[in-house]
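The structure appears right after this line, and notes come after that.
For the numbers below, each heavy atom of this structure counts, side chains included, while hydrogens, waters and symmetry mates do not. Every number for a ligand or one of its atoms is a count from 1 in the order of the listing. As the structure is a prediction and not an experimental result, all values here were calculated from the model. Positions are given from 1 along the sequence.
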Amino acid sequence: TEDGYQWFYEGRNGWWQYDDRTSQDIEEAFKKGEKSCIILVAGYVYVVDLETMVQQRQNEPSRCRRVKRDLATIPKKGVAGLRIE
Ligand code: V3L
């Protein structure tokens, strides 16, 4: 975002940045004070819960990861599964 913040989801030993479009959608919901945001990941519907700060696959909620809003400059594994070495 313009203020330098991005959205991240948890990997095995670090954080992945959401792709830009999805991060923008989550940020918009967050700024509006919405409780959750629906996103699409590789054809699957996920709910990002902005109160508990997790994402869960809609029809398989055991697929659950923590999410966070943090500065774009933090150490990260990559963006949406694309590693930065
Ligand atoms: N954006 C992109 N891919 C995602 C997202 C998302 N928001 N959520 C889940 N996936 P699950 P390490 C992740 C992918 O939660 O080595 C990373 O992006 C998820 O990809 O069970 O553990 C890496 O590509 C996983 O492949 O629904 O840090 C990969 O894991 C798949 O959806 C390995 O990362 C199922 O996730």
Does Gln56 use its side chain to pair, donor to acceptor, with the backbone of Pro61 at less than 3.5 Å? yes
Counting heavy atoms only, name the option from Tyr44, Phe8, Trp16, Tyr9 that's nearest to atom 3 (N) of ligand 1. Tyr9
Pick, from Gln56, Gln55, Lys77, the option with the minimum heavy-atom distance to atom 9 (C) of ligand 1. Gln55
Under the 4.0 Å line, does any protein heavy atom show up next to [atom]?
atom                    : result
atom 26 (O) of ligand 1 : no
atom 29 (C) of ligand 1 : no
atom 14 (C) of ligand 1 : no

Quick one: does Arg83 get a heavy atom under 4.0 Å from ligand 1? yes
With side chains defined as the heavy atoms from C-beta onward, is the minimum distance between [X] and [Y] less than 4.5 Å?
X     : Y     : answer
Glu60 : Tyr46 : no
Tyr18 : Asp25 : no
Glu10 : Lys68 : no
Leu71 : Tyr5  : yes

Does Arg65 make a cation-pi contact with Tyr9 (under 6.0 Å, within 45 degrees of the axis)? no
Geometry only, no angles: is Tyr18 polar-contacting ligand 1 at N/O separations under 3.5 Å? no
Nearest protein heavy-atom contact for [atom]: which residue, which atom, what distance?
atom                    : answer
atom 24 (O) of ligand 1 : Gly81 CA, 3.5 Å
atom 22 (O) of ligand 1 : Arg12 NE, 3.0 Å
atom 32 (O) of ligand 1 : Tyr46 OH, 4.1 Å
atom 36 (O) of ligand 1 : Arg65 NH2, 3.2 Å
atom 4 (C) of ligand 1  : Val41 CG1, 3.4 Å
atom 35 (C) of ligand 1 : Arg63 NH1, 3.7 Å

Would you please name every residue forming a salt bridge (charged side-chain N to carboxylate O under 4.0 Å, His left out) with Lys35, sequence neighbours left out? none
Any idea which heavy atoms bring Ser36 and Asp49 closest together, and the distance? CB-CA, 4.2 Å
Here the ring-ring contact (aromatic ring centres under 6.0 Å, His included) pairs for residues 19-42, sequence neighbours left out, are Trp7-Phe30
